[in-house]
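Notes to accompany the following structure.
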Amino acid sequence: MDVKYEAWETPSDRLKDVVDGLRHADFLGANVTIPHKEAVLTMMDEMENLAREIGAVNTIVNREGKLWGYNTDAQGFLRALRKDGEFDPWGKHVIILGAGGAARAVSVAILRVGARSITIFNRTLERAQKLASTLRLLNAEAYALSWRREGLKEAISRCDLVVNCTSMGMKHSPGEGGTPLEAAIIPRGIVIFDLVYNPIETPLLMEARKAGARPIGGLPMLVYQGAASFELWTGKKAPLDVMFASAKKALHNEKA
Ligand code: NAP
């Protein structure tokens, strides 16, 4: 295909101009990442419901000069959870660690497929409370709790799935090398999904393995959300095997 995918580092004060520029016939669209996923919402002409509910756009599609906003993080997360984790969220109790953009996408996604309850732990409690209130507006059973070991231990003993939506453990972040949970409080058999994809084997996934839990890393979600964007832009099926191989190669090269 005669198409290029480029990284454009974009400061906030240039965001509106850069997004407007995507209306030109040369552009199929764009992905949007931290910290602009919320800001671009107001710059779209049309938006899918899911992106509106999540309150964040990670994919922009240019359709004859009209900009459409989508959120493929939610879809990528669910696909990884079902395919790589063989986990059906229907009726399940879920713990979300973190309350940023990724936590919002994951919470809305998992509610839409019938999760029974969502408990959010975040370093900054107010952000967790705000997210829980938003989820309750969608008729969810949602709780926000402050990040204390005892509270975490108690809640984890009653849940089926924990999703780490913080950047703890992410390479090149202040949380590099850290884990939000240790093996001692992780029950055997539950699913631990770490959104962090660099490194591929995060400290949290190692703790989950040690505890006999079922670990899922962030790489499949990253690839699936990219594949969903690709399909929106091109109308063609994404070459998942090529995408997985190049994502792994890129992470491996960084390690070397
Ligand atoms: P964000 O909006 O900046 O939110 C970051 C979250 O992490 C906040 O809840 C923050 O807590 C918490 N946090 C950061 N450092 C922490 C620490 N040292 N201890 C405890 N909590 C900490 O970022 P985001 O967009 O939600 O992304 C979160 C992570 O998910 C990133 O690592 C990102 O790469 C990953 N992600 C992966 C995928 C994928 O496809 N696999 C997709 C999206 C995101 P406070 O509120 O207290 O600051």
Side-chain angles (χ1 to χ4, degrees), residues 7 12 31-41 50-51 54-59 70-85 95-110 118-132 134-135 144-149 151-152 162-182 192-205 207 215-230 238 240 243-244 246-248 250-251 254:
S12 298
N31 276 134
V32 185
T33 188
I34 302 175
H36 299 315
K37 288 185 189 181
E38 287 92 16
V40 299
L41 271 178
L50 181 61
I54 293 169
V57 162
N58 80 328
T59 303
Y70 293 85
N71 191 306
T72 64
D73 281 335
Q75 202 177 321
F77 166 74
L78 287 178
R79 190 165 178 189
L81 186 63
R82 288 182 167 137
K83 196 156 178 279
D84 299 78
I95 289 183
I96 305 280
L97 305 175
R104 279 221 307 270
V106 164
S107 312
V108 171
I110 208 148
I118 294 197
T119 306
I120 303 150
F121 287 89
N122 194 45
R123 180 176 60 180
T124 312
L125 179 60
E126 297 72 46
R127 273 185 103 184
Q129 286 167 331
K130 200 167 156 216
L131 176 55
T134 312
L135 297 177
L145 295 175
S146 58
W147 192 300
R148 292 212 188 85
R149 193 175 185 277
L152 265 170
V162 179
V163 190
N164 176 36
C165 302
T166 76
S167 43
M168 275 184 94
M170 185 79 172
K171 237 186 185 171
H172 313 306
S173 84
E176 180 167 356
T179 175
L181 304 172
E182 329 98 57
I192 304 278
F193 192 138
D194 195 350
L195 256 56
V196 171
Y197 51 82
N198 189 11
I200 291 181
E201 185 66 8
T202 65
L204 174 59
L205 295 178
E207 294 297 305
I216 312 175
L219 191 68
M221 170 177 171
L222 182 72
V223 169
Y224 295 143
Q225 60 81 30
S229 300
F230 178 95
L240 277 178
M243 294 177 78
F244 266 109
S246 30
K248 281 182 189 153
L251 289 171
E254 195 184 314

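Remember, it's 1-based here, ligands and their atoms both numbered in the order they're listed. Everything numeric in this text was worked out from a predicted model, so none of it was measured.
Listed by number with element, the atoms of ligand 1 under 4.0 angstrom from any heavy atom of Met170 are 32 (O), 34 (O). Residue-ligand proximity, Gly98 to ligand 1, at heavy-atom distances under 4.0 Å covers atoms 9 (O).
In this structure, of Cys165, Gly100, Ser173, the residue bringing a heavy atom nearest to atom 28 (C) of ligand 1 is Cys165. Of the options Arg127, Met221, Glu176, Arg123, the smallest heavy-atom separation from atom 17 (C) of ligand 1 is shown by Arg123.
Residues that satisfy the side chain to side chain donor-acceptor pair (under 3.5 Å) test with Thr202, not counting sequence neighbours, are Asp194. With sequence neighbours left out, Ser146 forms a side chain to side chain donor-acceptor pair (under 3.5 Å) with Arg148.
At a threshold of 4.0 Å, the pair Arg79-Asp84 does not count as salt-bridged, since none of the basic side-chain nitrogens sits closer than that to a carboxylate oxygen.
The two residues Ile110 and Leu81 have their closest heavy-atom pair at CD1-CD2, 4.0 Å. Looking at every heavy atom in both residues, Asn71 comes nearest to Ala56 through ND2-O, 3.0 Å. Here the shortest heavy-atom pairing between Pro199 and Gly169 reads CD-O, 3.5 Å.
For an aromatic pair to be called close, the ring centres must be under 6.0 Å apart, and Tyr224 with Phe244 satisfies this.
Of all protein heavy atoms, the one closest to atom 12 (C) of ligand 1 is Thr166 CB, 3.7 Å. Annotation: atom 45 (P) of ligand 1 to nearest protein heavy atom, Thr124 OG1, 3.4 Å. Ranking the protein heavy atoms by distance from atom 31 (C) of ligand 1 puts Ser167 CB, 4.0 Å first. From the protein, the heavy atom lying nearest to atom 23 (O) of ligand 1 is Ile34 CD1, 3.7 Å. Distance from atom 2 (O) of ligand 1 to its nearest protein heavy atom, with residue and atom name: Gly101 N, 3.1 Å. What sits closest to atom 20 (C) of ligand 1 on the protein, heavy atoms only, is Met168 SD, 3.7 Å.
At least one heavy atom of Ala99 sits under 4.0 Å from some atom of ligand 1.
Considering backbone and side-chain N/O atoms, Ala102 comes within less than 3.5 Å of an N/O atom of ligand 1. Polar contact with ligand 1: absent for Leu219 (N/O pair, distance under 3.5 Å). Where the criterion is an N or O separation shorter than 3.5 Å, residue side chain and backbone included, Leu195 meets it with respect to ligand 1.
Using a 4.0 Å cut-off between heavy atoms, Asn122 contacts ligand 1 through its side chain alone, with no backbone atom that close.
Using cut-offs of 30° and 60° on the angle between ring planes, the pair Phe77 and Phe193 is tilted.
Per-atom contact check: atom 14 (C) of ligand 1 touches the protein, criterion being a heavy-atom distance below 4.0 Å.
Contact check for Leu204 versus Pro180: side-chain heavy atoms found under the 4.5 Å cut-off.
Formation of a donor-acceptor pair under 3.5 Å by the Gln225 side chain with backbone atoms of Met221 is not found in this model.
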